[in-house]
Each structure stands twice: as C-alpha cells, then as structure tokens.
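Structure first, commentary second.
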Amino acid sequence: MPTVILTGLPVPGSPLADELRGLGFDVRPATGPQDTASVLAGVPADQRVAVVDSAFVGHVHALRLALTDPRFDACAVTGAFAVQPGARDVLDKAAALAPEGPGPYADRLADAVEAAGTSVQRPELGTLVATVPAGPAERDAATAAVAAVDDEAVRLRTAVKSRDGFFTTFFISPYSRYIARWCARRGLTPNQVTTASLITALIAAGCAATGERWGYVAAGVLLLVSFVLDCTDGQLARYSLQYSTMGAWLDATFDRAKEYSFYAGLALGAASNGDDVWGLALGSMILMTCRHVVDFSFNEANHDATANTSPTAALSDRLDSVGWTVWVRRMIILPIGERWAMIAVLTAFTTPRIVFYALLIGCAFGALYTTAGRVLRSLTRKATRTDRAAQALADLADSGPLAELQARLLRGRAGSFGSVYVAALGTLLMVGAALYLPFGDPRLIAVAVVYAMAAGLAVAAPLKGALDWLIPPLFRAAEYVTVLVLAAKADVPGALPAAFGLIAAVAYHHYDTVYRIRGGTGAPPHWLVRTIGGHEGRVLLITVLAAVLVSRAADFPVALTVTAVFVALVVLVESIRFWVSSGAPAVHDEGEPA
C-alpha cells in the first residue's frame, strides 16, 4: 500500500486524512521536517510515498493528480508531493537535509528533488484548488473556493481528450464519459474495457462474415458499440488515473486488430455471395498502415527538432483560429471516429465492395492532404534534427541484414546522396517492376536485389534531411504493395487472403516498433529484425518464392501462409514478452493515429 506522510500539526476538523485514505494511502503523521526522514525510513523502498502538508486545503482530484498518477517518477501540487520507487533515493537525501525556506515543506522537498536532477511533474489544475493557507482567514477563503467548484464535474470533463474528432466529440464522448465513471465505480480496469471492445469487434467481424443482411446490420451496430468501448477505456484511464504500459500497448494494437479483422470479415462475407474483394480489403489495410507510418515518422522526426517558423504552419494556425475550420479539417482526414461510423453505416445498408471503395477514396484523400501539408512544412521549415530523431527514423525503416550490410559498406561515403530520393527511386522501381513483369519472372529477383541495395544506401547516412521522415512509409509501401501485386497476379484461390495475413503480421511488427519508441524503450532487438529479414529481405523472399513456384502457382498461397505464421509467431512472442516484463514507464497515448 502506498504511504502518505502528513507533516505538521493536525488541523481540527480537516477531512484531509480521510481523503488520503480514500485514495488508497496509509497515512502516517510527522510533526515537522526533522521527523519526516525517520518516518520515511520506515516506508518500504518499493512503494509509492508522498509528503502532504497537514494544513492542505484543496479538491480531492487535485490530490489524486499529484499523488496517484503512475506515469511520472515525481509529481507535485502546492502542499503535496509524491514519488515512485525510481525517485525514492533522491527523496531520502532531500528529506535528510530537511531543506529550509518559505512555503510548505512538501514544496521545498519537491524543489530539492528537482534540483537534484529528477523531473517533477506539476499538473495543470485549472479551476481545481490546491493550497496551504497561512491562517484562519485564508483557510476559510480556500474552503469556500473548494466548495464553489465541483471537482467531479472537472474530473469527468478532463477524462475526455482535449483534442478529438467531430464524431467522437459530439456523438460519443457526451455519454461515454459516464460509462467510464460507471466502470470506475465498479472496479473495472481500462484493460478489461479494451478487451471487451476487441471481443465486440471480433463478433462484429463474424457477423459480417455471414454475408447475410442481418449479419451486416448486426456488424454495423456492434462496430459502433466497440468504438464506444474504445473511447471509454481511455476515458476510464484518465478518470481514474489507471495508466499502464500494458494498457497503452493493448489500446494501440487492439485498434488495428479490430479494424483489420473487420476488413477480413467483410471480405469473407462478400466471398460467400460470389464477390471477391480481398484485394480491396488488403489495399485498405495497406493504405491505412502507410498513412499511420507517415504520422509516426513525421512526429518522431520533429519531436525534439529546432527550427524556424514555417509559412505552412502559420497558415494552419490561422485556420485553427476560425472555429468551424477546425472541425472541417479534422473531419476531412477521416479520423478513426468518422471512419468507423462510415464503415458501420455502409456495412449495414450497402455491400462490402461499396464499403471498401468509400474507405479507399476517403483515406486516400486524407493521406494526400496530411502528407502534402507535412512535406510543405518540412521544405519551408528549416529544422535541425537530433541524433535521437535520426535513430528513431532508422529504427522505423526496419532495415534487415541486406540493407545493413550495404549501409556499413557505404557509411561515411553516403553523405552526398539524397536518402529520401534513393528510397523513393527504389520503391518506384520495385513496385513498377512488380506491376509490369509477369508473375514469377526471375527478373523481379534482380529488381529486389537492387531495391535492397537502394534501401541500404538510403539509411547509410544519419536521417536528418528535411524529407527523410518519408523513408519509413516509402519502405512500407514498397513491401506491402509488392506482396499485394504478386498475390493478385498469382490468380489462384487463397493467394490474396494469405497475403492479407502476411501483411497483417508484418504491420503488427511495425506498429509494435512505433509504440516501443514512443514509450522511450527503443526499437525491437536487432535479432528480431534480422530473424524476420527486414523489409528488403522479405521483399526478396517473396519474389524468390514467386519465381520458384511459377509453375506451381497453387502452392504460392501456402508459401505466403507459412511466411505469415513464422513472422507472426516470432514477433508476437517477443512483443508479448517485452510488454509484459519490460518495466517500461506507464504511458497513455493522447495522440492516437487517425
């Protein structure tokens, strides 16, 4: 159980001790700073510990924000300070020195810990109150200020993302926040709600796979229910501050699993009615994944970059100052709320083919709009990117042994080459050859070798160029589209579904890489990337398989399936091991991709 050390003489009639116990803390008194160190010594080092001034007056939610948020090693508001085990040594040293000075002792401890090099999170309280009154008059005023603000209303309001899509903001969040509170009061966790959302989406996919109108209607309704639960899990995490590494991973990966499973369900349902839309389903998955990689790469490249102002960014800011343009610009990129609503409605009332046509058109427009804007920003905003950003882009590139060997041979001599232009040329060559050459043509193997060499050349120099963030999405497009084209050209039953499974397995690996980097734990281990070949190794493998099996094209789906199962097993085992046991810091992503 976490512990609070309540410092100073108790204030008669103060509800503070009971409020702290209500937050799950064991409350221990300390009459003054000199006693705090001895009380602190009795608290196990592996427990969260807090120091709160006994004269504290404020909202319970202000205390909750300062004392219970698991994402930060140290967190404070006026009169209250808490640390996790990672910052315990620094707190012990600060308490032993009993820092003198004005203000509450908890604040002085927080300043001393921060001065020692540990970052202290200080949450923005807005209308919430957190203060240590100097006398009766100030205490009465602070008590009145607390009574004037309903902290439960604030807690509910802040459970919702501050920046979300139109559909989510106006059609989901007004009631899903109350579902989140209902879940919190019954002890449900965000991970349980996330799992319920996944199960609901999988049932929806199963209904779509029936190919019957009742199944399509049920699938549309269940997909919307799944999305409500998907919003609820994040709101529950914010409402109850139940952030976790596992939760961030589940939320991120389950969103993709739900959407892509539904695509597969639609394809199966269409097939039962004699309509083969597996190519459209696979194209939709490829487009969505590449679009997300654009988002991830651009954000990583510019996360800590220093740069001048951009005319494009200035125009965007001006547009955001006009209220209605904000919502229009959020809607036209078809974020997850609008996208799922469109899929649900079209599934219920039309056919899978129409669903995929609408999805491809809408997402292609959104991808072109956002990518064009980011390219313009990158060209007009002269950014100086850090080594960390360059390494993140290199990790996102997913280079295997062939590209790594080429990069090592060229390292130090590749500065004169434009990395992104080499990657673009290699991608165009690979995709163009796959489209032009017949299935199984051995010349495609030679093209794949050239592509692997171009991939190595593209990452031989640090990826600090203005447009180098485009390299990972270019590689994703090259690999995914090559697999799609070869599966389509094989023209045998099962080839496209097998390709769908292979791309799904590889895409999971790429999303897993993104969320490891976002969590600050670095990319997957090199042995994993090498084992599954890297993007260029997989492209070469698939072209070789097509050439070898050209006279036995019916075996090509089997080869794709075996490759998919191998990649999925290696990636999933390592991913689950990592996220369960890594001890990565608790996170909750507020910027989930559209």
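Just so we're clear, the structure is a prediction, and the values are computed from it rather than from any experiment. Basis for what follows: all heavy atoms, side chains included, without hydrogens, waters or symmetry-related copies.
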Does R155 make a cation-pi contact with Y239, if we ask for NZ or CZ under 6.0 Å from the ring centre and within 45° of the axis?
yes

Establish, for the pair R181 and Y178, whether the NZ or CZ atom is under 6.0 angstrom from the six-membered ring centre and no further than 45 degrees off its axis.
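R181 over Y178 ring: no.
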
For L125 and L65, what are the C-alpha separation, side-chain angles and deciding distance, and is it a side-chain contact (heavy atoms from CB on, under 4.5 Å)?
CA-CA 9 Å; L125 297 182; L65 291 171; 4.1 Å; yes

Rounded to the nearest 0.5 Å, how far apart are [atom1] of [X] and [atom2] of [Y]?
X	Y	atom1	atom2	value
L287	F356	CG	CZ	12.5 Å
L241	L236	CG	CG	10.5 Å
L229	K258	CG	NZ	8.0 Å
Y175	I179	OH	CD1	6.5 Å
L359	L346	CG	CG	9.5 Å
T513	R518	OG1	CZ	13.0 Å

Please name the pair of heavy atoms, one in [X] and one in [Y], separated by the smallest distance, quoted to 0.1 Å.
X	Y	result
A344	L223	N-CD2, 4.1 Å
R339	C363	CD-SG, 3.8 Å
A74	V83	CB-CG1, 4.0 Å
T78	T131	CG2-CA, 4.0 Å
H61	L128	CD2-CD1, 3.8 Å
V129	A62	O-CB, 3.7 Å

Can you find a heavy atom in the side chain of [X] that is under 4.5 Å from one in the side chain of [Y]?
X	Y	answer
T158	V154	yes
S176	Q235	yes
F566	T531	yes
F262	W340	no
L393	S297	yes
L528	V570	yes
S244	N191	yes
Q121	D69	no

Are a donor atom and an acceptor atom from the side chains of H510 and Y480 found within less than 3.5 Å of each other?
yes

When you compare the side chains of Y216 and T210, does any donor N or O come within less than 3.5 Å of an acceptor on the partner?
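There is no such pair between these side chains.
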
Check for a donor-acceptor pair, side chain of [X] on one end and backbone N or O of [Y] on the other, with a separation under 3.5 Å.
X	Y	value
S54	T7	yes
T370	A367	yes
Q192	T189	yes
E338	F167	yes
R177	T232	no
S226	L222	no
N302	F298	yes
R88	Q84	no
T118	E114	no
H59	V149	yes

Where do T289 and I503 land on the side-chain contact (heavy atoms from CB on, under 4.5 Å) test, with the steps shown first?
CA-CA 10 Å; T289 304; I503 297 302; 5.8 Å; no

Begin from the C-alpha positions of R538 and D398 and carry the test salt bridge (Lys or Arg N to Asp or Glu O under 4.0 Å) through to its verdict.
CA-CA 11 Å; R538 290 188 295 272; D398 192 32; 2.7 Å; yes

Heavy atoms of other groups near F349 CZ, more than 12 under 6.0 Å:
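It does not: F349 CZ has 12 such atoms or fewer within range.
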
Could you walk me through whether V193 and C183 pass the side-chain contact (heavy atoms from CB on, under 4.5 Å) test, one step at a time?
CA-CA 8 Å; V193 178; C183 293; 4.2 Å; yes

Are R21 and D26 ion-paired here, with the side-chain N under 4.0 Å from a carboxylate O?
no

SB check R516 D395 (cutoff 4.0 Å)
no

Passing candidate, side chain to side chain contact (heavy atoms under 4.5 Å, CB included) with V57, options V146, V132, L16:
V146

Side chain to side chain contact (heavy atoms under 4.5 Å, CB included) partner of I5, chosen from D35, T36, V52
T36

Test side-chain contact (heavy atoms from CB on, under 4.5 Å) on W182 and L188 and set out the steps.
CA-CA 9 Å; W182 182 89; L188 298 177; 4.1 Å; yes

Set of residues satisfying side-chain contact (heavy atoms from CB on, under 4.5 Å) with respect to T195, sequence neighbours excluded:
I199, F254

Determine, step by step, whether Y511 and Y508 satisfy the ring pair (Phe, Tyr, Trp, His ring centres under 6.0 Å) criterion, reporting the C-alpha distance in whole Å, the side-chain angles of both residues, the deciding distance to 0.1 Å, and the verdict.
CA-CA 5 Å; Y511 281 110; Y508 175 85; 8.4 Å; no

Mutual orientation of the aromatic rings belonging to Y260 and Y263 [parallel < 30°, tilted 30-60°, perpendicular > 60°]:
tilted

Checking side-chain hydrogen bond (donor to acceptor under 3.5 Å, both in side chains) for the pair D512/W579: CA distance, chi angles, key distance, verdict?
CA-CA 10 Å; D512 184 54; W579 289 105; 2.7 Å; yes

